[in-house]
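Heads up, the thing below is written out as structure tokens.
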Amino acid sequence: MNDISRRSLLLAALGAAGASTLAACTNGSGSTPALVSPSGSAVAAAEKRRAGTGTVRNMSLTAAPAVLDLGGGVTAKSWAFSGQVPGKEIRVSVGDTLAAELSNQLPNKTTTSLHWHGIALRNDMDGAPPVTQRAVRAGSNFTYRFITGTPGTYFVHPHVGVQLDRGLYAPLIVEDPNEPLSYDDEWVVVLDDWIDGVTGTPDEVYDELRQGMAGGMHMGGFMLMGATSDLLGGDAGDVKYPYHLVNGRVAADPVVHRGRPGKRVRLRIINAGGDTAYRVALGDHRMTVTHTDGYPVEHQEVDALLIGMGERYDVLVTLGDGVFPLVALAEGKGAAGRALVRTGAGTAPRPGVRPQELDGKILTAAQLRATDDIRLTSKTPDRVHRVELTGDMHHYNWAINGEQLDMSDPAAHPLIVEAGERVRLDFVNRSTMWHPIHLHGHTYQLGTDGPRKDTAIVLPKKTVSVVFDADNPGQWMLHCHNAYHAEAGMMAVLAYRA
């Protein structure tokens with residue numbers, strides 16, 4: 001099944017039922033708790049409480065087949081928003097209402113959606129079929145309308161099948177009119193691992209992976225063997241990508257950011273990849289980390305940072321004089337993406353250059369602290385959920401708490417919370433693979449004073465505990481942001497009791 005994933009077909013079949021069927025579901029013990037409906041009164045009331053400017057930003061995104069120029073003579077037949085990758089940057093001010101019309105022009109009756117990754121928005125606009133909406137059918141339109149309540153660096157991508165690993169993504173920047181940071185320029189940097197329309201499609205990759213190592217792997221040879229990383233605790237990834245892109249360009253023909261020596265630039269770095277963590281450094285520069293996943297942290301100066309799929313980091317850099325490589329090393333995979341920063345004369349470094357900063361002080365989220373103004377107050381959790389991450393490459397049976405999400409009844413075994421609770425989630429990784437775990441509709445805090453995030457790397461055989469306040473009612477996806485692990489079933493639903 002090449003162009004239409006199994007999940008796309010299932011979502012099309014489920015579309016007639018709609019998200020309202022999830023207002024009540026079985027919790028596994030035979031009882032049927034009443035859950036907050038994604039389009040119910042509690043969700044509407046929460047949206048009314050969000051501070052809005054009253055300004056409406058209208059825009060449209062057309063998902064359609066495209067032949068993409070990735071530079072260096074490389075073209076790819078893929079799907080993209082309005083024929084470009086990344087899609088056109090979306091930029092609004094905090095409190096603005098975003099009204100974004102999705103036009104689905106994908107082939108072969110393919111359904112799709114838009115998930116606004118990292119935004120704490122109203123539940124029925126989250127774009128996670130079939131939990132929060134019907135999937136948008138081919139030839140149809142759907143308008144997402146919500147208040148952008150928190151400034152920061154975010155992005156938008158589909159939440160159907162493995163469409164994330166095509167070209168369907170775009171940066172979303174929510175600006176703060178009272179921005180406390182001082183800088184002269186800004187550069188949005190989107191990282192991506194690329195296979196679609198070059199050596200195969202994501203659906204073909206998934207079909208091969210699903211056979212598992214026990215299946216012999218005699219299909220397209222998409223599986224990457226022997227990729228290891230100490231930073232990631234062992235196995236670095238599953239998929240053999242022919243290219244790693246920075247802002248839609250291959251390393252041999254990179255995008256160039258032009259600036260002036262001595263100027264301070266804010267880099268907003270987004271990992272939109274499907275299966276790759278990146279170690280990022282700018283040659284001959286140090287970076288000051290200011291934010292992760294949209295929220296401020298106590299500043300740290302580092303040489304490089306590790307960014308998993310779905311994570312975002314903001315950094316400040318004071319530019320030197322010359323031509324410098326921004327390198328996104330595909331962690332453990334023996335490849336890299338590259339862009340250039342040019343502030344003066346000089347010859348561009350060769351495509352395979354490896355700045356020494358990549359082996360310097362490398363930052364991970366565990367080293368960061370939230371700033372005082374956004375750190376959660378100390379409080380005993382009202383509710384604790386153990387979230388076990390299980391599965392292996394041998395059978396490719398990724399799951400949460402031993403269960404692969406059933407898309408025909410996704411909220412059958414929800415993680416229940418109640419409005420107003422302080423909730424602790426213990427992510428217990430029982431597998432030998434790392435997982436970037438993403439919670440929709442909320443940001444959580446790592447530990448007692450760690451950073452506020454919505455996506456966090458959980459290393460093999462390790463436990464990461466996070467806390468959040470249940471202040472955004474609805475039914476929310478919790479899943480691994482490896483596109484293939486999620487599609488295989490490493491998803492769950494966190495639902496508010498009505």
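Note: hydrogens, waters and symmetry copies are ignored here, and every other heavy atom, side chains too, is used.
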Would you tell me whether [X] and [Y] have side-chain atoms, one donor and one acceptor, within less than 3.5 Å of each other?
X: K333; Y: T276; result: yes
X: D96; Y: T53; result: yes
X: H485; Y: D238; result: yes
X: D192; Y: Y243; result: no
X: T153; Y: R268; result: yes
X: R452; Y: T443; result: yes
X: S229; Y: E331; result: yes

Exceeds 12 heavy-atom contacts within 6.0 angstrom, atom [atom1] of [X]:
X: E186; atom1: CD; answer: yes
X: R430; atom1: CZ; answer: no
X: R50; atom1: CZ; answer: yes
X: D230; atom1: CG; answer: no
X: R354; atom1: CZ; answer: yes

[X] with [Y]: basic N within carboxylate O range, under 4.0 Å:
X: D185; Y: K263; value: no
X: D203; Y: R166; value: yes
X: R422; Y: D469; value: yes
X: K361; Y: E301; value: no
X: R266; Y: D314; value: yes
X: R338; Y: D253; value: no
X: R286; Y: E357; value: no

Report task. Kindly indicate, with the supporting measurements, whether the criterion side chain to side chain contact (heavy atoms under 4.5 Å, CB included) is fulfilled by V493 and L415. Result -> CA-CA 6 Å; V493 173; L415 302 172; over 6 Å; no
Report task. Show the numbers, then the answer: is there a side chain to side chain contact (heavy atoms under 4.5 Å, CB included) between M59 and L98? Result -> CA-CA 8 Å; M59 59 164 299; L98 183 61; 3.9 Å; yes
Query raised in the report: Does the pair V265 and L316 meet the rule for a side chain to side chain contact (heavy atoms under 4.5 Å, CB included), with working shown?
Result: CA-CA 6 Å; V265 179; L316 293 176; over 6 Å; no
Can you check whether [X] reaches [Y] side chain to side chain, under 4.5 Å on heavy atoms?
X: Y206; Y: T201; answer: no
X: E311; Y: K453; answer: yes
X: I457; Y: T364; answer: no
X: P202; Y: Y484; answer: yes
X: L439; Y: D454; answer: no
X: V317; Y: T288; answer: no
X: H479; Y: H159; answer: yes
X: L319; Y: V341; answer: yes

Aromatic contact, [X] with [Y] (centres under 6.0 Å):
X: H244; Y: W194; value: no
X: H117; Y: H481; value: yes
X: Y313; Y: H291; value: no
X: W116; Y: F146; value: yes
X: H442; Y: Y444; value: no

Is a donor on one side and an acceptor on the other found under 3.5 Å between the side chain of [X] and the backbone of [Y]?
X: D176; Y: N178; value: yes
X: D193; Y: G274; value: yes
X: E179; Y: L181; value: yes
X: N472; Y: L121; value: yes
X: E298; Y: L368; value: no
X: N271; Y: G308; value: yes
X: N247; Y: V255; value: no
X: D275; Y: V239; value: yes

Report summary line: Checking P254, P351, P355 against P325 for side chain to side chain contact (heavy atoms under 4.5 Å, CB included), the one that qualifies is P355
Query - Option from T463, N401, D426 for which side chain to side chain contact (heavy atoms under 4.5 Å, CB included) with E388 holds - result: N401
Report task. Evaluate the salt bridge (charged side-chain N to carboxylate O under 4.0 Å, His left out) criterion for residues K379 and E421: first the C-alpha distance (whole Å), next the side-chain angles of each, then the deciding distance (0.1 Å), finally the verdict. Result -> CA-CA 10 Å; K379 179 182 177 182; E421 289 183 330; over 6 Å; no
Requested in this report: Name the orientation class of the two ring planes belonging to H157 and F155 (parallel below 30°, tilted from 30 to 60°, perpendicular beyond 60°).
Outcome: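 Because their plane-to-plane angle lies in the 30° to 60° range, the rings of H157 and F155 count as tilted.
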Query raised in the report: Which heavy-atom pair separates G83 from A66 by the least distance, and what is that distance?
Result: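 Taking G83 first and A66 second, the nearest heavy atoms are CA-CB, 4.0 Å.
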Report summary line: All heavy atoms of L61 vs all of A100, minimum pair found to be CD1-CB, 4.2 Å
Query raised in the report: At what distance, to the nearest 0.5 angstrom, does OG1 of T148 lie from CD of E175?
Result: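 So the OG1 of T148 and the CD of E175 are separated by 10.5 Å.
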Report task. Please assess R279 against D359 for the test side chain to side chain contact (heavy atoms under 4.5 Å, CB included), listing each intermediate value before the final yes or no. Result -> CA-CA 9 Å; R279 192 190 312 188; D359 300 307; 3.5 Å; yes
